[in-house]
Amino acid sequence: MEKLILYNTLTRKKELFIPIHKDHVGMYVCGPTVYGNAHLGHARPAITFDLLFRYLLHIGYKVRYVRNITDVGHLVNDADEGEDKVAKRAKVEELEPMEIVQIYTNSYRKNMGQLNVLPPSIEPTASGHIIEQIDAVKKMIDAGFAYETNGSVYFDVEAYARTYPYGILSGRKIEDLYTNTRDLDGQSEKKSGLDFALWKNALPEHIMRWPSPWGDGFPGWHTECTAMSTKYLGEKFDIHGGGLDLLFPHHEAEVAQGMACFGHATVNYWIHNNMITINGQKMGKSLGNFIQLDEFFTGSHQLLEKAYAPMTIRFFMLQAHYRSPLDFSNEALQAAEKGLERLLNAMKLLAGLKTSTNSSIDVEKLKSDCYEALNDDLNSPILIAHLFDGAKMINSINDGNATITAEDLSKLQNLYSGLVNDVLGIQQQQNSNENSNNELFGQVVGLLLTLRQEAKMKKDWATSDQIRDRLTSLGFEIKDTKEGADWKLKS
RNA sequence: GGUCGGUUGGCCGAGUGGCUAGGCAGCGGUCUGCAAAACCGUGAACGGCGGUUCGAAUCCGCCAUCGACCUCCA
């Protein structure tokens, strides 16, 4: 098995990955709160942990990948006093909260499918695990790290900090937190501003409510991840992932909850992806640059010059390291689009390369370089750079400037399908002229190109150029190859 | 204000002490009736100042600047 090194946020170091159970990996990643359409921000953790999931599978692990759907408990405002996001959206759209959940869960899954993100092994919902959450809250109360007030239960950070260090994941000191945590109105129920809600008492008008030992209410946001991760992966599991923005307070709360419930750490490796900016600016609802994934795919956002295929978005993200911030711009996306096309072109050529009795290229070296990059904290940009080096080799062989044996060719083909398709999750984009829906359409274009070919035979350049130029102005790209003319629609 | 992390060629983006990723754009070439596309080749960078070192984009200090989290956000 490959020696995979991962950066662990908990230790701030790159560490050799050793699973708790040989050949098996348990991985939990914070999924979306389903109260709106998926946007670019959702794509980064999804693709990052999809890459990790795919690579673990590729190198032979059995992986149980759990990614939750938050459908209750994530509040709109600070101080645990705001409305539930889902409930608020339901009011706006005049729908039952569970209809909101269903609509946006479906839309999230659709978008993830388009990005070729593999579905996780288990996709549990918070509302489906109320019993487990109540159970976890009870454990925390029994351990003396939580208290009940007016039907709500809060985590007692101060009590916890007397037994365990609080802030170890995010690197915060509890004294600093006290000085920097704002005192807000409506926090009278809490002993301290640092305390966070485990269970919230539901007011009479609340639709989303469940019975509990403390009266009708709903769970706090942080509790679901502790309850569901340990239910499906055990009290101690290998990997917990999520966006860097969740580091504090969400993941810090999970660390504390796990400790409070079980008396030991629940997670071995904490992995965080970095954030995305758009034209150098943070994505924010108020800035109007919260671009939804559907808008990328159709080009229907004023910041976008054109539509971008899901594979372009995926490739673009993989061209940056997951722990680096990544800036989106039309220019950068179009560069990625062309680069991807170059890589995929080489892969097409790879299928039909002619073989020789000796190889002038070193496939083993290329292979070990590729795996070295992946093993070094999933360095996908380095991997892609090596794949481009390989593309150059493939083109040289195709041009007759380099040679490859049948054995090496087969190795190279396996390497590319394994790394590009299986690990990076990059698929060949569907060509407009291969689309069966456009069969008749394709025949008509083919007919025009045949007429042009006939004109060319007669050296009737005026006619042949007219056909080509008219087609070009209609958005076609005409390629004259040795085998005749080929065409595609310009993206 | 506190904590943490960036600042790399025209653009995006790797790289952690000497061996100067990669992509896009640019430039030159091959192919072509001419183009387009494709392919091949190629110049170009390490925020500023100071220090450590035989040698620094890479280590240290200071400054500037941008961002993240601390408050809903993936």
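Sequence lines set the chain letters: A, B, ... in the order given, protein chains first and strands last, and positions in each chain run from 1.
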Go ahead and name the base partner of [N]; Watson-Crick or wobble counts if both distances stay under 3.5 Å, otherwise write none.
N	value
B:rG26	B:rU42
B:rG61	B:rC49
B:rG55	none
B:rG33	none
B:rA14	none
B:rA68	B:rU3

Sugar-phosphate only, base, or nothing, as touched by [X] at under 4.0 Å among non-hydrogen atoms:
X	result
A:L246	sugar-phosphate
A:I478	base
A:A332	sugar-phosphate
A:K173	nothing
A:D389	sugar-phosphate
A:R468	base
A:S396	nothing
A:G243	sugar-phosphate
A:D469	nothing
A:H39	base
A:N398	nothing
A:L326	sugar-phosphate

Below 4.0 angstrom, N of the basic side chain to O of the carboxylate: do A:K456 and A:D460 qualify?
->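 Answer for the salt bridge query: no.
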Would you call A:F388 stacked on B:rG23, i.e. ring centres under 5.5 Å apart with the planes less than 30° off parallel?
-> no
Interatomic distance, [X] [atom1] vs [N] [atom2] [rounded to whole Å]:
X	N	atom1	atom2	result
A:N395	B:rG23	CG	P	11 Å
A:L387	B:rG22	CG	P	13 Å
A:D399	B:rU30	CG	C1'	9 Å
A:D327	B:rG10	CG	P	17 Å
A:F315	B:rC12	CZ	C1'	12 Å
A:M275	B:rC66	CE	C1'	16 Å
A:H321	B:rG13	NE2	P	14 Å
A:Y7	B:rC4	OH	P	12 Å

Any [X] side-chain nitrogen or oxygen under 4.0 Å from OP1 or OP2 of [N]:
X	N	answer
A:R89	B:rC72	no
A:R342	B:rG23	yes
A:N379	B:rG15	yes
A:K392	B:rG41	yes

Select one nucleotide: of B:rA14, B:rC72, B:rA74, the one nearest the side-chain heavy atoms of A:K85.
->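 Ranking B:rA14, B:rC72, B:rA74 by closest atom to the A:K85 side chain puts B:rC72 first.
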Nucleotide nearest A:W461 (side chain, heavy atoms from C-beta), chosen from B:rC40, B:rG33, B:rC11 =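 The closest nucleotide is B:rG33.
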Can you confirm if the NZ or CZ of [X] lies within 45° of the ring axis of [Y] and under 6.0 Å from the centre of its six-membered ring?
X	Y	result
A:R44	A:Y322	no
A:K306	A:Y308	yes
A:R67	A:Y28	no

Per nearest nucleotide of RNA chain B, the residue lying toward the 5' end, A:N345 or A:I384, is A:I384
Would you kindly compare A:F316 and A:L247 by the position of their nearest RNA chain B nucleotide and give the one closer to the 5′ end?
->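 Final value for this comparison: A:F316.
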What integer number of Å spans the P atoms of B:rG10 and B:rG48?
->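 Pairwise P distance, B:rG10 against B:rG48, rounds to 13 Å.
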What interatomic distance, in whole Å, is found between P of B:rC39 and the corresponding atom of B:rU52?
->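 So the two P atoms sit 50 Å from each other.
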Would you call the rings of [X] and [Y] parallel, tilted or perpendicular, where under 30° means parallel and over 60° means perpendicular?
X	Y	answer
A:H222	A:F196	perpendicular
A:H251	A:W270	tilted
A:Y164	A:Y160	tilted

Centroid separation A:H240 to A:Y269 less than 6.0 Å =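 They do not qualify: ring centres at least 6.0 Å apart.
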